[in-house]
Structures are given as structure tokens and as C-alpha cells.
Amino acid sequence: MSRPVELRDRAEHPVARRLIGLRTARSLGQGALVVDLALYLKALGWGGLAIGGTLAGTGLIAATLSMLVGIASDRSQRRGFLVLAEVLTIACAIAALLSANPRVLVPAIMLAGFGRGANGAASFFGPAEQAWLAGIVQPRERGYVYSLNLAAGATGMAMGAALAVLPEALAPALGIGGAFRILFLVPLAGSLINLVSLSRLRGAPREPVRARPVPHPRRRRQENRALAWVAGLNSINGLGIGLISPLLSYWFAVRFNIGPAAIAPFMAATFLVSGLASVGTGLLTRRIGVVPAVVSVRLAGVLLLLVVPVAPFYALAAGAYALRSALNRGSVGARQALVVSLVGDGRRGFAVSLNAASFQYAQAAGPALAGALLDMGYLMTPFFLAAVLQTVYVGGYWWAFRHHDPGRKKPEETGRRRA
């Protein structure tokens, strides 16, 4: 197994550096489509329920397949899963680029996860990627390194979201459908770049396939209890996020009667600030620990969320949501670091996949419910429901994980330092 990498030599580690680069390239296309996919479908004549149902199906597929990938990645080399992720994205991007037929477009969206805004994660292959990174980072530094990884993804999302102004600019020449479809070139190019990058990782150190020691039954029970809390809390969090994020651009278009030219710069700024918030949260984990850092930023996010639906004009609603989203997304890396630290090496992929699947299953219900509410004219209701769910999540997170913080100094470490 490649040795865990300390913070000071993180930049020199070939796998860690390459994995962060993969996330950045992937996030460009995700940033463009998280803004414009719902607007593209709206331009094709789809209603809120149809758009939400498609995104819900995307979440269900991602949740189911991520569980399989996570379990399988604990028993095999993880590089192959990332290669498959890029090949699948390329195929789906080509399909969506060439056709607007729902029989082609819907499967492409669902399989590639277009429009989900995953911060550069490798769709349902993400558990293999996160587990691979965890294997080369010391537990005490995971909060910071994972936050840095998320910051790279958020920066790419910001650049991709800036590209979402293109359809409005190109519509006179290409038509509205053709102008939107051209954005599928962005994830196509990102995945081609990543395939080249992954091909150069053949000789890099990787975790070997070998028998893992069976943990003590008491340790296994502790892990299972912690993972049960992860699944339960993530379900609450996922439903809350699913009620608002996937249909946000559609909500802005309906609420304020605006298009991509107004929405794209806001989304780009949101992701850029998210990157800064992720680095800030990572630094905060080194000062006060992972759990207190997550709880602090998520509580602030709940307060900002309540401002969005009652804001009388677009700039205020967009600004409040941008700050709220930055705080929420900025905590993702720290939360991932906690999850991979709850179990031993032999279950790391499973833990990451459970973390993703429990979130995604619940998130999948959100767009369908929110789409139906929006079609009925209840524009504020999804936000208020989401705020309640997020409050429950934050309280539960503190209660469940305050004694499992990977950023806390262990007593023996403190004793050795004093000695």
C-alpha cells in the first residue's frame, strides 16, 4: 500500500495530485450543466414535474450503483472504476449532444448525472475515488485535504457555470436547442482529458488487493452504529438538499422571470465562494475539529436559506443562496473526511458508498416533490421544508459524531508531544 501522505508532502504525491486534477476537470462540465440543464429542458417544453422526475431518477440510479461500486472497490483496484466513469460520461455527452429526443436524452442525463452539480465527483463511481484518496492521507489531515479537494471541484464548477451564458449568446445563430446542446462538449472534453491523466497513473502506487484483517466484534459493532447514524442523517440532509438545489435555476426563472444570462454569473460566483469556504472549513477543522466546524457552518446556512424564498428581488435571493450554498458545499470535504475515518481500511469504500447512497436516495425524492409544488404555485414551501430538515440534520450530526472527530488529538498523542 502506498504510504499515507502527510500534509507537507501532499503536493508531491502523484496519486493525490492527480485525483484532485481529475475532480477539477470533471467539475467544469458539471458546473455548466447544473445551471443550464433545467433551463434546456424547460426550453424543450418540459414542466417542473417532468424535469424534477428526471433528476429524481438520476439520483436513484446514482445511489444504487454507488453502493455496488463502493463494495466492489474494497476488493479490487480503484483506478479501473474511474476509467469507467470517464468512458460513460463521454458516451452520454455524445448522445445528448446529438439528440434532444427524450428516449436518448433522459438515459444520458440519468447515467452521467448531468445537472446534479456534484462538485467534480465521479458520479456513482465517486466512492472508489474517495476511498483511494483516503488511503494516501493521514487521518488527522483528511479534513483539510478533502476540503482542498472539494475546493478544486468548486473552482471548476465556477468556471463551468460561467460558460452557461453561452446558450443565450449563441441562440440567434444555432437556435435555442442547438445553443444549449453545445454545452455537452464541456463534460466530453473534461472526460477525455481525465482518461489521458488516468492512463499515466498505471505505474503510480495503488492499494493492493489483499486479505484485510477482521476487526474485533466490538469494533465492528461501533463501526456499524456510526454508519447507521451516517445513513439516517444523510437521508434527512439529502431530502432537504433535493427540495431546492436541482431545480434552483428553474425556480429563479419562474420566480423572477430571468434566463441564463442572469443566472449563470450568480451560480459561478456561488461555486467560487464555495471553494473559498471549503478551504476555510478545512483550516477550521485543524483548529476546532471536524464536527464543530461542520455544525457551525451548516447552522449559518440554515439561517440564510430562510431568506431566499421571502426575498423581494433577485439580487437578494441570489446573494443569500450563494452564501448558504458556499457554507454547505464548503463542509462537504470535512464530512467526507469523517466518514472515511469511522471504519478501517477494509470497509472504506463501503462507508463512502453508504454515505453517498443514503444521501442520493433521499435527494432523489426532492426534485419530484419540489417540481410538483412549483407547478401548483407553492414557490416558498420547498425552502421552508428544507430549512426544517437541515436543522434536524445539524442537531443530529453533533449528537452522533461529537466523540468520533478525526481532527481531535488523541490522549496518547498529547502525552507524547508533552514528553
Side-chain angles (χ1 to χ4, degrees), residues 14-37 40 54-55 58-59 61-62 65-66 68-70 72-73 77-100 104-133 149-164 166-167 180-202 204 206 268 271 352 356 360:
V15 178
R17 184 173 64 247
R18 197 62 58 88
L19 290 177
I20 292 175
L22 294 177
R23 192 178 195 104
T24 305
R26 227 182 272 122
S27 63
L28 291 169
Q30 292 178 1
L33 291 174
V34 76
V35 178
D36 276 350
L37 181 67
Y40 173 40
T54 299
L55 295 176
T58 300
I61 289 175
L65 295 180
S66 67
L68 299 177
V69 168
S73 72
Q77 300 291 354
R78 286 164 174 142
R79 175 183 166 277
F81 291 98
L82 300 190
V83 171
L84 287 175
E86 306 303 342
V87 170
L88 181 61
T89 299
I90 289 170
C92 292
I94 291 174
L97 183 65
L98 296 178
S99 176
V104 175
L105 190 56
V106 171
I109 292 170
M110 289 184 173
L111 289 174
F114 293 143
R116 289 183 58 235
N119 275 320
S123 185
F124 51 83
F125 294 96
E129 184 178 45
Q130 290 183 38
W132 195 357
L133 183 60
N149 191 37
L150 262 293
T155 302
M157 292 279 288
M159 292 187 288
L163 296 174
L166 289 176
F180 273 114
R181 283 204 301 273
I182 202 169
L183 284 181
F184 290 101
L185 287 172
V186 184
L188 174 62
S191 289
L192 287 171
I193 292 170
N194 282 353
L195 280 181
V196 174
S197 182
L198 284 165
S199 70
R200 296 175 180 175
L201 271 177
R202 284 199 180 97
R206 291 173 290 164
F271 294 125
V352 173
Q360 289 164 351

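None of the values given here were measured: they were computed from a predicted structure.
Leu192 CG to Thr89 OG1: the interatomic distance, rounded to the nearest 0.5 Å, is 10.5 Å. With values rounded to the nearest 0.5 angstrom, Asn194 atom CG is found 10.5 Å from Ser199 atom OG. Interatomic distance, Ile94 CD1 to Ser99 OG, rounded to the nearest 0.5 Å: 13.5 Å. The CZ atom of Arg181 lies 9.0 Å from the CG atom of Leu105; values are rounded to the nearest 0.5 Å. To the nearest 0.5 Å, atoms CD (Gln30) and CG (Leu37) are separated by 12.0 Å.
Phe81 is linked by a ring pair (Phe, Tyr, Trp, His ring centres under 6.0 Å) to nothing, counting only residues two or more places apart in sequence or in another chain. Applying the side-chain contact (heavy atoms from CB on, under 4.5 Å) criterion to Leu185, with sequence neighbours excluded, gives Leu97, Ile182, Leu188. Applying the side-chain contact (heavy atoms from CB on, under 4.5 Å) test to Ala161 and every residue at least two apart in sequence or in another chain returns Val35, Met267, Ala268, Phe271. Listed by chain and residue number, Leu39, Ala164, Pro167, Phe180, Leu183, Pro260 satisfy the side-chain contact (heavy atoms from CB on, under 4.5 Å) test with Asp36 (two or more places apart in sequence, or in another chain). With sequence neighbours excluded, the residues satisfying side-chain contact (heavy atoms from CB on, under 4.5 Å) with Leu84 are Phe125.
Put simply, the side chain of Arg79 reaches to within 4.5 Å of the side chain of Trp132, judged on heavy atoms. A heavy-atom distance below 4.5 Å is found between the side chains of Val186 and Leu163. A 4.5 Å side-chain heavy-atom check between Leu82 and Leu19 finds at least one atom pair inside the cut-off. Looking at heavy atoms from C-beta onward, Pro187 lies in side-chain contact with Leu33 at the 4.5 angstrom threshold.
Residues Ala128 and Val69 approach most closely at CB-CG1, 4.2 Å, considering heavy atoms. The nearest pair of heavy atoms linking Ala95 to Ala108 is CB-CB, 4.4 Å. Between Gly115 and Val34, the closest heavy-atom pair is O-CG2, 3.7 Å.
Of the candidates Leu198, Ile193, Leu195, Leu198 is the only one forming a side chain to side chain contact (heavy atoms under 4.5 Å, CB included) with Leu22.
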Q: Take Phe184 and Tyr40 through the test side chain to side chain contact (heavy atoms under 4.5 Å, CB included) and record every step on the way to the result.
A: CA-CA 11 Å; Phe184 290 101; Tyr40 173 40; 4.0 Å; yes
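Residue pairs satisfying the salt bridge (Lys or Arg N to Asp or Glu O under 4.0 Å) criterion with at least one member in residues 83-96, sequence neighbours excluded, are listed as follows: Arg26-Glu86.
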